[in-house]
Chemist: 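Okay, here's the structure, questions in a sec.
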There are 4 protein chains.
Amino acid sequence: MGMIGGGGGSFIGPVHRMAARLDGMIELVSGAFSSDPAVSAATGKSEGLEPERTYADWHGMITREKTLPDEIRPHFLAIVTPNHLHYGPARMALEAGFSVLCDKPLCMSVAEAIDLYDTVHRTGRLFCLTHNYTGYPMVKRAREIVLSGEIGDVRKVAVEYFQGWLSSPVEKEGNRQAEWRADPSRAGIAGAMADIGTHAFNLAEYVSGLEVVSLSADLHSVVPGRVLDDDGNLFLRFDNGASGTLLASQIALGEENSLSLRIYGSKGSISWHQMEPNSMTVRWPDKPMQIYRTATSFAELGMAAGRHTRIPAGHPEGFIEAFANLYRNFALHIAAVNSGTAQDHILDYPGINEGVRGMKFLEASVASASEKSFWKNL
Amino acid sequence: MGMIGGGGGSFIGPVHRMAARLDGMIELVSGAFSSDPAVSAATGKSEGLEPERTYADWHGMITREKTLPDEIRPHFLAIVTPNHLHYGPARMALEAGFSVLCDKPLCMSVAEAIDLYDTVHRTGRLFCLTHNYTGYPMVKRAREIVLSGEIGDVRKVAVEYFQGWLSSPVEKEGNRQAEWRADPSRAGIAGAMADIGTHAFNLAEYVSGLEVVSLSADLHSVVPGRVLDDDGNLFLRFDNGASGTLLASQIALGEENSLSLRIYGSKGSISWHQMEPNSMTVRWPDKPMQIYRTATSFAELGMAAGRHTRIPAGHPEGFIEAFANLYRNFALHIAAVNSGTAQDHILDYPGINEGVRGMKFLEASVASASEKSFWKNL
Amino acid sequence: MGMIGGGGGSFIGPVHRMAARLDGMIELVSGAFSSDPAVSAATGKSEGLEPERTYADWHGMITREKTLPDEIRPHFLAIVTPNHLHYGPARMALEAGFSVLCDKPLCMSVAEAIDLYDTVHRTGRLFCLTHNYTGYPMVKRAREIVLSGEIGDVRKVAVEYFQGWLSSPVEKEGNRQAEWRADPSRAGIAGAMADIGTHAFNLAEYVSGLEVVSLSADLHSVVPGRVLDDDGNLFLRFDNGASGTLLASQIALGEENSLSLRIYGSKGSISWHQMEPNSMTVRWPDKPMQIYRTATSFAELGMAAGRHTRIPAGHPEGFIEAFANLYRNFALHIAAVNSGTAQDHILDYPGINEGVRGMKFLEASVASASEKSFWKNL
Amino acid sequence: MGMIGGGGGSFIGPVHRMAARLDGMIELVSGAFSSDPAVSAATGKSEGLEPERTYADWHGMITREKTLPDEIRPHFLAIVTPNHLHYGPARMALEAGFSVLCDKPLCMSVAEAIDLYDTVHRTGRLFCLTHNYTGYPMVKRAREIVLSGEIGDVRKVAVEYFQGWLSSPVEKEGNRQAEWRADPSRAGIAGAMADIGTHAFNLAEYVSGLEVVSLSADLHSVVPGRVLDDDGNLFLRFDNGASGTLLASQIALGEENSLSLRIYGSKGSISWHQMEPNSMTVRWPDKPMQIYRTATSFAELGMAAGRHTRIPAGHPEGFIEAFANLYRNFALHIAAVNSGTAQDHILDYPGINEGVRGMKFLEASVASASEKSFWKNL
């Protein structure tokens, strides 16, 4: 693969590289790691790239890499830049014949998202959006249980994503991760909702198998001087009539990365928490609650969870492994397409459609919040 | 004390009696336990009351009991009937010179609530409303910490109360607890919001020390055929500008009695969960999270928690003990007033003001929900 | 009932009284609460006893109370004194025709225990030993599951009871609870093993349905100057060949009252922890672990747990309620015997046999420890 | 690096390769992956090795690889074979000038261990033994706290390692992991004690900073037909006089990989559990318990934990990441030695001394168990 972004003090760049490396299937061969050519070069060097495969800008990179012979040309480009630099590189890469793996949220607007959606379908390239939390084995198992109908009709969804790292104005104190997230020109129309709300939204739709049709939002900029939302709550209505809530905050002081999902059906319910990702609870009205655990044989009946775990039960797999599952599934899909073999549809990963959904969610949320929580359709 | 309601298949009647009995300070001397005279008599007998102190109706009970000599007349009457039978007995008891302990919600409307408020103040009697969750030691400690300013300005409140016992139409299947709760003529304008939402609301205001000034509600009747809400979510705005959410459901299948509160401040945060009531977590930006535990010496610095616990740390105290704390505090207050001694204001308990707040909360919630979540002031 | 001990600064006296009072079935009518007549009188007064039913010493109490007419004579005496004052009052009470409820450990030696055992059987009186942890609903359920054979043959038992309150020499600093426990003339041949090790031992035998046949002990007096053990570990061998461990400590600094039990069978395993007593976990090789919860309908199939709970699931019942279950069951047994009705054997409680077992356990433990952990038979 | 073992159905081989790969610092360049040449070749091919660097046996591999020029010769060999194939390859590799990373336990006897110890010191090569659980950030932090004296003198150590995967005779049912572990000719003198007991022993010594001086063991072969122990318990005595227990089992049905450590000091205590590795609890007598969390700034004061984490708090790091920390630290040490730069002694890893300790532990345990738990010195 080639990488765009992820140099210097990036948080997500190294995560992508560890995830790509973990299973020994993907090799980083080129990169435009930063808008600062020196930073890009330094990152390329530390990653062991050949100097001529490290680029000063993504435009130049795509332009040249697409001309390379098949044997050395990357199969896909990973885009790990701030939000405003997703659309451009993604579109150019697709047009240049590359498949694309892109960080979330997809882009800056629904219009851009639809254009990318069209581009993906027109070019026939593959696209992965790193809603990485769907890569956890117990999330896969939860989805299987819900979709199987075991818990009956979904009646209620409660998803929540609380962090505390933006409780003070760290974007003005040198925190590079906070800087661009607090800047509308780089982050887009939303802050916390874009950064983590979209993850929560995606997780809820993925596990429930439902789509949100309308929402009412109450967004806040709690820390003085902050322009974008750093905290917000939503009422949700799903396409089957179920209701839900989505709570997301980056000023929930003391919270680390607390993403949780609960889905209540007419026959049972499930709950999962990202900070203890290897457990997933199923509750029933007439028998004891059950706790499924990663890598236990009985948790793998449907195969979905089992194919997303590497080591025996009780040896905790975490964030990097879940992230690596997306890379692995995406790489397997590319390999299957390239070799013309059958594609195993169990090994799913979030794609361009999830990207469009996320942008619709963001635009509806911001619109609702600006009209005193008036309900908006997606 | 005397008791109105709580006979036969009552859930809350026995709880009140256990709570009253636990500390050996309060004696049940009379009762009108049911609208069915036979049931009332049977309950009185099983409680060891003298037959002439067991009444066929509350009106007759108050009429006669108020004429009894001081030595045997109850100091207060406990009203543990369905909601529609709170106002009448409470008002008559107050006018008859009794202090009153009443189950929640206070009554059927804000108008009734204000009338009771006025009656309490006019008669000078004491009034306790059994928002029993405030009786837990760790809730007292949490309130102390928040009010002390240790966690800074409150920015965000997330309170949640999930149960699953109304996931099917049990009100039509002989469940007496469900029957009256599902019947507007006995429950009032709200279902889950009245039954458990008011507890969550009270807990949030109690621990935060803030008042909700406006709210937006999304209420649902999920189980087919049910008239009143059995599930609902609210956005909250507090008088200091903080925002919040209140989620309450009785169709969250698999949930038992899951009440939790989290309060996020500018310097720290607290969280507490009723189903593990003896722990309370405080998180900080710059040091390890702390877990306070009931009955540990250091948890009692402020005395509030320490005076609400009976046994050493690690010997779990539960729901009945917390409920008993309200009875104990109320009895101590009555005794102090009767004896003219100083009243220890630490040993607080919820009263008539909390009752008025709860009714305002209910009327605003129902009004908002009926207008597509339009924000309403309390 | 009448009570011997439990005056003044007693910890366990008030617990016994709350437990006795909770269900409204038992009335305290007399007491010799302390060896200090003034303390005894004061306790009697605060408990509302008639002055002539409060005694300066237990000998005088038993002598007079046995002469009282049936209607006012207590049905049983509760002995809540330090260990050295169990045997004498218990024996005299039994001989005087009273049933006896006694705190643990039963007495000071196996010889005394056997004598009490014989006395109970000779007099035909009932006897309850307050190994109160067996009163928890989930302990009842665990025992049912193990005895049913669901988890197969028991292979391994791990019981543990850690406290930290004796981490410093508080017995020399005015802590009355510690004083007598550290004094061999009042506590007996063992310290922590007598105080909490016997609870752990009883719990292991009760839930497993097995008897320990031999043990190897490693006991310690960790805090300088302490004569009796304050920490110790044992290997156990059960009568079916299973092995086990019993770890008990009162110098495990930071631990509150951490009693836990795990039993591993050939088909499954169970675990329970006293500090979260309303959950009990069952694990299986081929299906998800299950968590049973107090007061959920499915947890009550065998009726054992269901008859030991008072309120709906999720309303935590704790230490006092479990303790009250012993009192309630004992009182029901006495009432059944007195009225000649059938005795419901489900509502069991620990008795004189458990007392003898505990003393054998203590003598074997101390003997083994004094011989470098040489294995000893019970 | 080069690898000996880890082909075909190996569990630990892929773990080693993922751990080596994660941080992008170590490249696998050669291997003798199996005693079956075809398996070795297949593994080498799937790992992308050049065919001539894949060997049919380790002897041939070492013989040839040592002759390769510096630029392509591996800096160290990783030995991931069953226990009986540690000593031979390790010794030959050291003599051939390679540093060695070896799986645990070190070898088959104390005599072999001492010979390897001498060889390491004579050759001046570096040696890493993969007691991987010491690689967790919170284990590092726990050790720092204990060694700093914050919790006072260590009085009591309770370490436990429970698994359930050998609850049935899977070694006779085709489970390759179980086959060699149950075979004395390949596993050595002990079963569970060698496989997991040594991990527990190492963890206890590492975090406490103490050495076990004597022990008493009670070992069992629970599953019929099994020769080696599959369950066992030990009393421990440490060099400062503290006592301890080590419980290890592979027939604790339902347990996954439950390794936990608790250390009680005179001023505080710590506890850590491998299955929730990112939390570590510290308890105090006079203030609330604290929970340290991986990757929170305040958890990294001493730098030890901070240098062993990759991503922000709340993004769980697990087993592979901890394992990778050993590889990373070992590689950094080799690089520092090779480049002559200062060696950062914080970035420690278990080495040859830990290997000797483990073998002494095993021989003493087996000897004690064979003499009815007679105490043995290490």
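Below, read A as the first sequence line, B as the second, and so on, with proteins coming before strands; counting in each chain starts at 1.
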Chemist: The criterion is ring pair (Phe, Tyr, Trp, His ring centres under 6.0 Å); which residues satisfy it with F374(C), sequence neighbours excluded?
Modeler: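 Expected list: none.
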Chemist: Can you tell which part of L234(C) gets under 4.5 Å to a heavy atom of chain D, answering side chain, backbone, both or neither?
Modeler: backbone
Chemist: Using only the distance criterion (under 3.5 Å, no hydrogens considered), which donor-acceptor pairs connect chain D with chain C?
Modeler:
residue: R155(D); atom: NH1; partner: S167(C); partner atom: O; Å: 2.8
residue: R155(D); atom: NH2; partner: S167(C); partner atom: O; Å: 3.4
residue: K156(D); atom: NZ; partner: D231(C); partner atom: OD1; Å: 2.7
residue: E160(D); atom: OE1; partner: R262(C); partner atom: NH2; Å: 2.9
residue: E160(D); atom: OE2; partner: R262(C); partner atom: NH1; Å: 2.5
residue: E160(D); atom: OE2; partner: R262(C); partner atom: NH2; Å: 3.3
residue: S167(D); atom: O; partner: R155(C); partner atom: NH1; Å: 2.9
residue: S167(D); atom: O; partner: R155(C); partner atom: NH2; Å: 3.4
residue: D218(D); atom: OD1; partner: R237(C); partner atom: NH2; Å: 3.0
residue: D218(D); atom: OD2; partner: R237(C); partner atom: NH1; Å: 3.2
residue: H220(D); atom: NE2; partner: S243(C); partner atom: OG; Å: 3.4
residue: D231(D); atom: OD1; partner: K156(C); partner atom: NZ; Å: 2.7
residue: R237(D); atom: NH1; partner: D218(C); partner atom: OD2; Å: 3.2
residue: R237(D); atom: NH2; partner: D218(C); partner atom: OD1; Å: 3.0
residue: S243(D); atom: OG; partner: H220(C); partner atom: NE2; Å: 3.4
residue: L253(D); atom: O; partner: S269(C); partner atom: OG; Å: 2.6
residue: E255(D); atom: OE2; partner: Y264(C); partner atom: OH; Å: 2.5
residue: R262(D); atom: NH1; partner: E160(C); partner atom: OE2; Å: 2.5
residue: R262(D); atom: NH2; partner: E160(C); partner atom: OE1; Å: 2.9
residue: R262(D); atom: NH2; partner: E160(C); partner atom: OE2; Å: 3.3
residue: Y264(D); atom: OH; partner: E255(C); partner atom: OE2; Å: 2.5
residue: S269(D); atom: OG; partner: L253(C); partner atom: O; Å: 2.6
residue: S373(D); atom: OG; partner: W375(C); partner atom: NE1; Å: 3.0
residue: W375(D); atom: NE1; partner: S373(C); partner atom: OG; Å: 3.0

